Amino acid sequence: MSVSKPSIPKGTRDFGPEKMMKRTFVLESIKSVFKKFGFLPLETPTMENLNVLTGKYGDEGDQLIFKILNSGNYLEGVASDQIDLGYKKMTPMISEKALRYDLTVPFARYVVMNRNDIAFPFKRYQIQPVWRADRPQKGRYREFYQCDADVVGTDSLLCEAEIVMLIMEVFAKLNIADYSIKINNRKILQGIVAAIGRLGEETTLCVAIDKLDKIGKQGVTEELLSKGFAQTEIDQLMPIFELTGKSEEIIATLKSFLQSSEIGLKGISEVEEIFLLLEKLHIASPPLVLDLSLARGLSYYTGAIFEVKANQVQIGSVSGGGRYDNLTGIFGLPGVSGVGISFGVDRLYDVMEELGLFPSLTHQTTKVLITYFDKKGFNYGLNFLAKLRQTNISAELYPDVVKIKKQFEYADKKKIPYVAVIGDEEMQENKISIKNMLTGVQERCTLEETILKLSEH
RNA sequence: GAAGAUGUAGCUCAGUUGGUUAGAGCGCUAGAUUGUGGUUCUUGAGGUCGUGGGUUCGAUCCCCAUCAUUUUCCCCA
């Protein structure tokens, strides 16, 4: 083996036929629900202009963007002393395009570019891969799919309520029964920060609080202390984030804590409104819980935030989203509020695999393989092949004249449920033998009988 | 960027306190069965033990370096 072993880039994966069938099932399930809720499809280019992406994900995010080296002589126009400026300043000189980092920013770009043609409120779904130059880990890849659905151009809390419904329908389609949707509101978090006199530092608080279930009360306290919060402030905060129980009770406690914070009270009433809307939508008891420790790292959220967890599997969140009031502002279109939800296909796949929730997907393979003993049988089989396909039965004729055993093994490996056998006797009778590979039963059929038999299910 | 783990057959992994021909299961080949897969039995093929160097009479094993893979921290889906 003197040739080099082939490999794929770190953090990327091949999806063989079996995995693809399962992935397709997940993706199609999500897509069908998106459509049902009135979302329209959108696809954007794999690459965006680098300046569209930079500065949108924070300093660290910029580092994680896959840059594309300019074609041709990319060093043209770069003076030799400019290398001393460092790679950060050099990058835009040799790279003007990059792979998309998420689907939200390209969507915002699209909305701004097409603002005159779009009918607002605009609901779009988008299912495409994204790339991050991260260090791969368990459940984390450099190339992965996102399934986003967003509504922009309306403040209505109906969108939030619908997102809850949408999540419920997706999980029902995927047969995942045991899950919970956590909801919180950035305005409440803002109010809490304001209540302890730390207005403007909600991002710091969010990043720390978001880890509560991961690193515990102690860890969060340490992180906040290191970020300049006082122990007395933290002592005020912690009881709030440890509130559990019924959402109504949490809300009642919150109302008194935040009574002086206008923004905080607004957040509370938004949450209440969402619960109310769901009731009117006949969703009596949604798996929805108010969780004040839910913060989500992304800084552009301004209102409701969501996260979905599968309860029986330890894998983190499988879906998340929220409302952002000014995503298009960075591209020069302020005042367009949006709210969105994103499903993590790879994690959903893992959850379903672990719980054994995939239905049998064998119907996606060939229905019948036509086998034969010699060239004469091959020619006879061609007619059957064509006729079967005309009636929309997925059929194959084994392409090479080989031992029948070989052909059967092929059918078995491919899990083809029926094998047609053509020998001299069949040809004389103008028939074909159809064997059911599951039961082992075999009988001779005419073309019409074959079609009837194979069309059954 | 930091720390750890692992590299042995196509795959999953044994193994040798350093000693002649490095093993298993699965997969693959061929046959038992020249008109029949999945089960069973038999057969055969397949390895520079990640790469380079060192110690040694002798290294897959010990030491050093290097590369690759992977996990955790940070951050994220």
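Just so we're clear, the structure is a prediction, and the values are computed from it rather than from any experiment. We name chains A, B, ... by the order of the sequence lines, and we start the count at 1 in each one. FYI, side chains are in, hydrogens and waters are out, and symmetry mates aren't considered; it's all heavy atoms of this structure.
Spacing between atom OH of A:Tyr57 and atom C1' of B:C74 amounts to 20 Å, rounded to whole angstrom units. The CG atom of A:Leu64 sits 11 Å away from the C1' atom of B:C74 (whole-angstrom rounding). In this structure, A:Asp412 places its CG atom 10 Å from P of B:C28, rounding to the nearest Å. If you take OH of A:Tyr300 and P of B:C76, they are 11 Å apart, rounded to a whole angstrom. Atom NZ in A:Lys211 sits about 11 Å away from atom C1' in B:C76, given to the nearest Å. The distance between atom CZ of A:Arg140 and atom C1' of B:U70, rounded to the nearest whole Å, is 14 Å. For the pair A:Lys403 NZ and B:A30 P, the computed distance is 7 Å after rounding to whole Å. Atoms NZ (A:Lys435) and C1' (B:U36) sit 5 Å apart, rounded to a whole Å.
Considering only side-chain N and O atoms, A:Lys415 lies nowhere under 4.0 angstrom from the phosphate OP1 or OP2 of B:G38. Side-chain N/O atoms of A:Gln137 include one lying less than 4.0 angstrom from OP1 or OP2 on B:U72. For A:Lys138 and B:C76, the shortest distance from a side-chain N or O to OP1 or OP2 is not below 4.0 Å. Using a 4.0 Å cut-off, no side-chain N or O of A:Lys414 falls inside it from OP1 or OP2 of B:G38.
Contacts of A:Ser317 with the nucleic acid, taken as non-hydrogen atoms under 4.0 Å apart, involve only primed sugar atoms and P, OP1 or OP2. Using a 4.0 Å heavy-atom criterion, one finds that A:Tyr145 contacts no nucleic acid atom at all. Within 4.0 Å of A:Gly61, counting heavy atoms only, lies no atom of the nucleic acid at all. Among the atoms of the strands shown, base atoms are found under 4.0 Å from some heavy atom of A:Gly440. No engagement by A:Gln407 is indicated, since no non-hydrogen atom pair under 4.0 Å with the nucleic acid exists. Contact annotation for A:Lys405: backbone-only contact, meaning every heavy-atom pair under 4.0 Å involves sugar-phosphate atoms and none involves a base. Residue A:Glu426 is classed as a base contact, given a heavy-atom separation below 4.0 Å to a base.
Here B:G35 is the nucleotide among B:G37, B:A77, B:G35 with the atom lying nearest to any side-chain atom of A:Gln442. Here the nucleotide nearest the side chain of A:Lys413, chosen from B:G35, B:C28, B:U36, is B:C28. With B:C75, B:G31, B:G37 as the candidates, the nucleotide lying closest to the side chain of A:Glu409 is B:G37. Closest approach to the A:Val421 side chain among B:C76, B:C74, B:U36 is made by B:U36 (side chain taken as heavy atoms from C-beta onward). Ranking B:A77, B:A30, B:G37 by closeness to the A:Phe144 side chain, first place goes to B:A77. The side chain of A:Glu425 approaches B:G35 more closely than any other nucleotide in the set B:C28, B:G35, B:U69.
Ring centroid separation for the pair A:Tyr125 and A:Phe39 does not come in under the 6.0 Å cut-off.
The P atoms of B:C64 and B:U69 are separated by 23 Å, rounded to the nearest whole Å. Taking the P atom of each, B:G19 and B:C62 are spaced 11 Å apart, rounded to whole Å. Atom C1' of B:U55 sits at a distance of 7 Å from the matching atom of B:C63, rounded to the whole Å. Spacing of C1' atoms, B:G4 relative to B:A9, comes out at 29 Å, to the nearest Å. Rounded to whole Å, the separation between the C1' atoms of B:G46 and B:U33 comes to 27 Å. Rounded to whole Å, the separation between the P atoms of B:A22 and B:G50 comes to 15 Å. Rounded to a whole angstrom, the distance from the C1' atom of B:U21 to that of B:U16 is 15 Å. B:A45 sits 14 Å from B:A30 when the P atoms are compared, rounded to a whole Å.
The partner of B:G10, taking Watson-Crick or G-U wobble pairs whose two distances both stay under 3.5 Å, is B:C26. In this entry B:U66 has B:G50 as its Watson-Crick or G-U wobble partner, both defining distances falling under 3.5 Å. Pair assignment for B:U33: none, as no Watson-Crick or G-U wobble contacts are both less than 3.5 Å. The base-pairing partner of B:C73, taking Watson-Crick or G-U wobble contacts with both distances under 3.5 Å, is B:G1.
Ionic pairing of A:Lys435 and A:Glu443 is not present here: no N-O contact between side-chain nitrogen and carboxylate oxygen is shorter than 4.0 angstrom. Here A:Arg13 pairs with A:Asp346 in a salt bridge; the nearest charged N to carboxylate O distance falls below 4.0 Å. Salt bridge status for A:Arg444 with A:Glu425: present, with a side-chain N to carboxylate O gap under 4.0 Å. We find that A:Arg124 and A:Asp150 are joined by a salt bridge, their nearest charged nitrogen and carboxylate oxygen being less than 4.0 Å apart.
By the neighbour-count criterion of 12 heavy atoms within 6.0 Å, atom CE of A:Met113 is sparsely surrounded, having that number or fewer from other residues, nucleotides or ligands.
If you find the closest nucleotide of RNA chain B to A:Lys10 and to A:Ser342, the one lying nearer the 5' end belongs to A:Lys10. Along RNA chain B, the nucleotide nearest A:Lys406 and the nucleotide nearest A:Leu438 are compared for position; the residue whose nucleotide lies closer to the 5' end is A:Lys406.
Residues A:Tyr410 and A:Tyr398 form a side-chain contact, since some pair of their non-hydrogen atoms from C-beta on lies under 4.5 Å apart.
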For this session: May I have the step-by-step check of ring-ring contact (aromatic ring centres under 6.0 Å, His included) for A:Tyr101 and A:Phe66, ending in yes or no?
Result: CA-CA 8 Å; A:Tyr101 180 89; A:Phe66 269 108; 9.8 Å; no
